[in-house]
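Okay, so here's the structure we're looking at.
Counting convention: from 1, in listed order, for ligands and their atoms alike. Values reported hereafter were calculated over all heavy atoms of this structure, with side chains retained and with hydrogens, waters and symmetry mates removed. Since the model is a prediction, treat every value here as computed from it, not as a measurement.
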Amino acid sequence: MNPLNHVAIIMDGNGRWGLKYKNSRNAGHKAGLKTVEKIIKATIKNKIKFLTLYAFSTENWRRPQKEIAFLFSLLENFLSNRLNELHNQNIRIKIIGKKSFSQRLNKLLNLSEKKTLKNDRLQINLALNYGSKSELIDAFKKIKKNKENINERNLSRNLQTKNIPDPDLLIRTGNTKRLSNFLLWQVAYSEIFFEKKLWPAFNENDYKRIIKEYKSIKRNFGKI
Ligand code: IPE
Ligand code: IPE
Ligand code: MG
């Protein structure tokens, strides 16, 4: 049975779900947040130590301003309402991506990270304004500035995911088979599951089924 330490999720399909069932993409984002809560619970239950959630990509700024504003208001409400609860559950929050939002949101994100820094039951990495290409470029720039050697260890250490083990399992919901600029370096050896279901429809049983299948895979890492 494969150990499962880190699950990364591309939570895709909110907009389509919202349009189909509620005639509004934003209603899909709202429903998607409920799935986030369910999956956090299930992750704790399965004693998984790291959960990375792709919430907003560097490319998502190309969406209509109204949708972007709604997404960030959802996030802000979620964090301000749930931060204490997450903290009491011994969950650590870490943001990956560039924190260049409104002053209020930046402050809330910094507070969330600082308050939960010592928690060790589950670490949730929230990928916000995250893009793997820009993360890699920044890492190379830091290596150059510090006159370090270019090698795998130094590259990993200069990514925003430093100190986080690479994902064992990557799940993308929403019936699309692409990575959309997510953790390109880090998923080099992850087991990848593309799920047909849209994120708001994804549930604990789907998650359980994937975990079960993941555990039975023969992971070679180049060996036989
Ligand atoms: C993913 O769902 C959530 C974000 C990108 C924030 P989408 O909004 O991409 O949903 P679809 O793919 O348009 O259905
Ligand atoms: C990826 O989904 C980003 C997030 C889930 C946050 P997108 O819906 O933005 O991806 P593309 O644009 O269809 O590749
Ligand atoms: Mg999408």
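Closest approach of Asp12 to Thr173, counting heavy atoms only: O-OG1, 2.8 Å.
For ligand 2, the atoms closer than 4.0 angstrom to any heavy atom of Asn60 are 3 (C), 6 (C), 9 (O). Which parts of ligand 2 touch Phe56 is read off a 4.0 Å heavy-atom cut-off, strictly below it: atoms 6 (C). Counting atoms of ligand 1 from 1 in the listed order, those under 4.0 Å from a heavy atom of Arg16 are 11 (P), 12 (O), 14 (O). Close contacts between ligand 2 and Arg178 involve ligand atoms 11 (P), 13 (O), 14 (O) [criterion: under 4.0 Å to a heavy atom]. Within ligand 1, counting atoms from 1 as listed, the ones closer than 4.0 Å to a heavy atom of Leu71 are 6 (C).
Not a single heavy atom of Gly174 sits under 4.0 Å from any atom of ligand 1.
In this structure, atom 12 (O) of ligand 2 has no protein heavy-atom contact shorter than 4.0 Å.
Side chains of Glu113 and Ile95 form a contact here, defined as non-hydrogen atoms less than 4.5 Å apart. Inter-residue side-chain proximity for Val7 and Thr52 is flagged as unmet; no heavy-atom pair is nearer than 4.5 Å. Residues Lys38 and Glu204 form no side-chain contact, since every pair of their non-hydrogen atoms from C-beta on lies 4.5 Å or further apart. Within the 4.5 Å cutoff, no side-chain heavy atoms of Arg121 are placed close to those of Lys47.
Considering backbone and side-chain atoms alike, Asp12 places an N or O below 3.5 Å from some N or O of ligand 2. Among the atoms of Ser57, none of the N or O lies under 3.5 angstrom from an N or O of ligand 2.
Hydrophobic clustering (side-chain heavy atoms under 4.5 Å, transitive across Ile, Leu, Val, Met, Phe, Trp, Tyr) keeps Tyr130 apart from Met11.
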Phe101 vs Phe72, test: ring pair (Phe, Tyr, Trp, His ring centres under 6.0 Å). Steps then yes/no.
CA-CA 9 Å; Phe101 311 107; Phe72 283 104; 5.1 Å; yes

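Atom CG of Asp138 and atom NZ of Lys133 lie 14.5 Å apart (nearest 0.5 Å).
Counting just the N/O/S atoms of Asp12, the one with the shortest distance to the Mg ion (ligand 3) is named OD1.
Looking from atom 6 (C) of ligand 1 to the surrounding protein, the closest heavy atom is Ala55 O, 3.2 Å. For atom 10 (O) of ligand 1, the nearest non-hydrogen atom of the protein is Gly15 N, 2.9 Å.
Checking Met11, Arg172, Arg62, Glu59 against atom 2 (O) of ligand 2, the nearest heavy atom belongs to Arg172. In the candidate list Glu67, Arg63, Lys20, Arg63 is nearest to atom 8 (O) of ligand 1, counting heavy atoms.
With 3.5 Å as the limit, one finds a donor-acceptor pair spanning the side chains of Glu135 and Gln186.
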